[in-house]
Amino acid sequence: FPVTIYIEEIIKNESYETMIDMPTPVTKDEPYTSESINELALAFSKAQGEYQQVGQNRQNPFFKSQYADLDAILSAVRPALSKYGLAFYQFTKLSTNGPTVLHTRIIHASGQWIESRSRIIPAKNDQQAYGSTLSYQRRYSAMTILGITASNDPSDDDGESVAQRPVQQSLGSTIKR
């Protein structure tokens, strides 16, 4: 792998201080789709019409909320995907600039495919945080690429929880929430 060789050469020939300032090797991005997706798109649109409803089957005691775990999500869509020659899978890769990247892919029996990618950035540098972050990303990436939502999802507030809208007071002054 060229990046590994590049870093090994710097380690052999340079000081630690130089390594900190080393440039990130530039590589061409891999495509997010196969050259053509016409067969995949037709099959995928048919499959989406046959998805089962995804219900929330888990509790988050910290946030006092419910959510659909990855198994519930995939159980609701796998029969329809399979019926139309589609497979869903996820894998991780270490990117050239360091972070682990989750690849979420849908592939058709023709070989055509589409994928999404998201960086895995745990809050802490330990395996528990990594595993938790990966599980969360896998679930959300699956829902995104498959085009589904969990029914009655209270976290789907149309962005209201992060909106910074002014609020009118009765005397006409404006305050920020």
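This structure is a prediction, so every number in the text was calculated from the model and none was measured. Side-chain atoms are counted along with the backbone in the values below, which use heavy atoms only and exclude waters and symmetry mates.
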Ignoring hydrogens, what is the shortest heavy-atom contact between [X] and [Y]? Give both atom names and the distance.
| X | Y | result |
| --- | --- | --- |
| P31 | R117 | O-NH2, 2.6 Å |
| Y130 | T100 | OH-CG2, 3.6 Å |
| I106 | F44 | CD1-CE1, 3.5 Å |
| L70 | A142 | CD1-CB, 3.9 Å |

message = Check whether S132 reaches the backbone of Q128 with its side chain - one donor and one acceptor, N or O, closer than 3.5 Å.
response =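 Pair absent, no side-chain N/O of S132 close to backbone of Q128.
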key: Q56 side chain to A68 backbone, donor-acceptor under 3.5 Å   =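 A pair under 3.5 Å: no.
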To the nearest 0.5 Å, tell me how far [X] [atom1] sits from [Y] [atom2].
| X | Y | atom1 | atom2 | value |
| --- | --- | --- | --- | --- |
| S34 | L40 | OG | CG | 7.0 Å |
| T92 | Q137 | OG1 | CD | 12.5 Å |
| R119 | T133 | CZ | OG1 | 12.5 Å |
| I37 | L42 | CD1 | CG | 11.5 Å |
| R139 | T144 | CZ | OG1 | 11.5 Å |

query = Are L102 and I148 connected, step by step, through hydrophobic side chains (Ile, Leu, Val, Met, Phe, Trp, Tyr) whose heavy atoms are closer than 4.5 Å?
reply =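 Not linked; separate clusters.
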query = Are I120 and I145 joined in one hydrophobic group, where the rule is that I, L, V, M, F, W and Y side chains link up if heavy atoms are under 4.5 Å apart?
reply =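 Hydrophobic grouping puts I120 apart from I145.
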ask   = Pairs in or reaching into residues 88-109: which pass salt bridge (charged side-chain N to carboxylate O under 4.0 Å, His left out), with residues at least two apart or in two chains?
value =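 Output for this query lists E30-K93, R105-E115.
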Side chain proximity check, N57 to Y67, heavy atoms < 4.5 angstrom =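 Not in contact.
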Atom pairs and distances, donor-acceptor, side-chain atoms in residues 72-85, under 3.5 Å, two or more places apart:
residue: S75; atom: OG; partner: D71; partner atom: O; Å: 2.8
residue: K83; atom: NZ; partner: E50; partner atom: OE1; Å: 3.0
residue: K83; atom: NZ; partner: E50; partner atom: OE2; Å: 3.3
residue: Y84; atom: OH; partner: E50; partner atom: OE2; Å: 2.4

key: For F63, the rest of its hydrophobic cluster, which grows through side-chain links under 4.5 angstrom   =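 Once heavy-atom contacts under 4.5 Å are chained together, F63 belongs with F62.
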query = Should side-chain heavy atoms under 4.5 Å link Ile, Leu, Val, Met, Phe, Trp and Tyr, which residues sit in the same cluster as F91?
reply =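 Members besides F91, by chain and number: Y89, I107, W113.
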ask   = More than 12 foreign heavy atoms under 6.0 Å from CG of N125: is that the case here?
value =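 No, CG of N125 has 12 or fewer neighbouring heavy atoms, counting only those of other groups under 6.0 Å.
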query = For Y136, what residues pass the ring-ring contact (aromatic ring centres under 6.0 Å, His included) criterion, not counting sequence neighbours?
reply =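 Y136 satisfies ring-ring contact (aromatic ring centres under 6.0 Å, His included) with Y140 only.
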ask   = Can you name the side chain to side chain contact (heavy atoms under 4.5 Å, CB included) partners of S36, sequence neighbours left out?
value =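 If we apply the side chain to side chain contact (heavy atoms under 4.5 Å, CB included) test to S36, skipping adjacent residues, the hits are N38, Q112.
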